[in-house]
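Comments concern the structure below.
In listed order, ligands and their atoms are each counted from 1.
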Amino acid sequence: MRRRLVAGNWKMNLLRGEAVDLVRRIGDELAVTPASRTRVVLFPSFVLLDTVKTAFGGISGNGGLALGGQDLHPEDKGAHTGDVSGAQLADAGCRWALAGHSERRQNHGESDELVGRKVAAALRNGLSPIACVGETREERQSGRAFAVLERQTRAALAALAALVEQPDVDAALAYEPVWAIGTGETATPAIAQETHRFLRGLLAELLGAERAEALPILYGGSVTPANAPDLIAESDIDGFLVGGSALDPEKFLSIIRASG
Ligand code: PGA
């Protein structure tokens, strides 16, 4: 059975004191009552990584929490002002890295090809990538959603093909419809399941059936305690990439609990 994964993407939010408070509230609760089959990863902004890592140390067994970077440069070092490399993320204690979040694609013009190189950089540095894909409202309304998702997934996962030979390496795909991110509008469970099923089929083609069955596909886009139970009940939804609700410890814990 696929292990579930819930990721909290803090985006450009929280100051150090707020971050420590949030980590403690989530971690202390999970240390007492661990999530049974769900892994939990936090994605703070780069300047908070060290603070959050230190806060983990004050929680029994880290509360089972792991750390991830919201983005990474495709190269491991060099003259790239303002960027952070996979090597630096790993050195800062990260186990995971997001690649191709739609806010990076939109705000920073990231291409499919660049996202693929970022996934490769994560794997090269021992980080588990979460490759994000998602269509815009216009693309869904004009019937092009699956074509866009296929193009994005093929590019993002070109590097993941190596995973077939490395069954122990963790990775995940996140389906995040752009029209659902931060809008309060969520994909219905039926739409999300249909899309995840499509993505699973594509993974099988790219990575083989066995690896495709084992790879978690997360849903992201206005996930809340209210809609998480119906979404996770779908057979191809294996967890969540959570933005706004991840900043509220009660809501985030409730989404983790809903995931099992
Ligand atoms: P949201 O963000 O939960 O605030 O919609 C999700 C994401 O961007 O990962």
I want to check something: taking the side chain as every heavy atom from C-beta on, are R200 and E213 in contact at a cut-off of under 4.5 Å?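 In short, these two side chains touch, coming nearer than 4.5 Å.
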Does some side-chain heavy atom of R37 sit less than 4.5 Å from a side-chain heavy atom of R3? no
Report, in ascending order of atom number, the atoms of ligand 1 lying under 4.0 Å from any heavy atom of [X].
X	value
N9	9 (O)
G244	1 (P), 3 (O), 4 (O)
H101	7 (C), 8 (O), 9 (O)
E176	6 (C), 7 (C), 8 (O), 9 (O)
G221	5 (O)

Can you say whether the rings of H196 and Y219 are parallel (under 30°), tilted (30 to 60°) or perpendicular (over 60°)?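 Plane angle between 30° and 60°, so tilted.
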Got the closest protein heavy atom to atom 3 (O) of ligand 1, with its distance?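 Residue, atom and distance for the closest contact: G243 N, 2.9 Å.
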To which protein heavy atom is atom 2 (O) of ligand 1 closest, and what is the distance rounded to 0.1 Å? K11 NZ, 3.2 Å
Does R104 have more than 12 heavy atoms from other residues, nucleotides or ligands lying within 6.0 Å of its CZ?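 Correct, the count exceeds 12.
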Assess whether a salt bridge exists between R137 and E185, defined as any Lys/Arg side-chain N lying under 4.0 Å from an Asp/Glu carboxylate O. yes
Would you call E150 and R154 a salt bridge, taking side-chain N to carboxylate O under 4.0 Å as the test? yes
Strictly distance-based, threshold 3.5 Å: is any side-chain N or O of Q193 a donor or acceptor partner for the main-chain N or O of D236? yes
Pairs of nitrogen or oxygen atoms closer than 3.5 Å, one from S222 and one from ligand 1: do any exist?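 Between S222 and ligand 1 (N or O atoms, distance only) the closest approach is under 3.5 Å.
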Please name the pair of heavy atoms, one in A19 and one in V52, separated by the smallest distance, quoted to 0.1 Å. CB-CG2, 4.3 Å
Looking at ligand 1, would A180 count as a contact under a 4.0 Å heavy-atom criterion? yes
Do any heavy atoms of G182 fall under 4.0 Å from ligand 1?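 Per 4.0 Å heavy-atom rule, G182 contacts ligand 1.
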Is it the side chain, the backbone, both or neither of A174 that has a heavy atom closer than 4.0 Å to ligand 1?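 Looking at A174 and ligand 1, no heavy atom falls under 4.0 Å.
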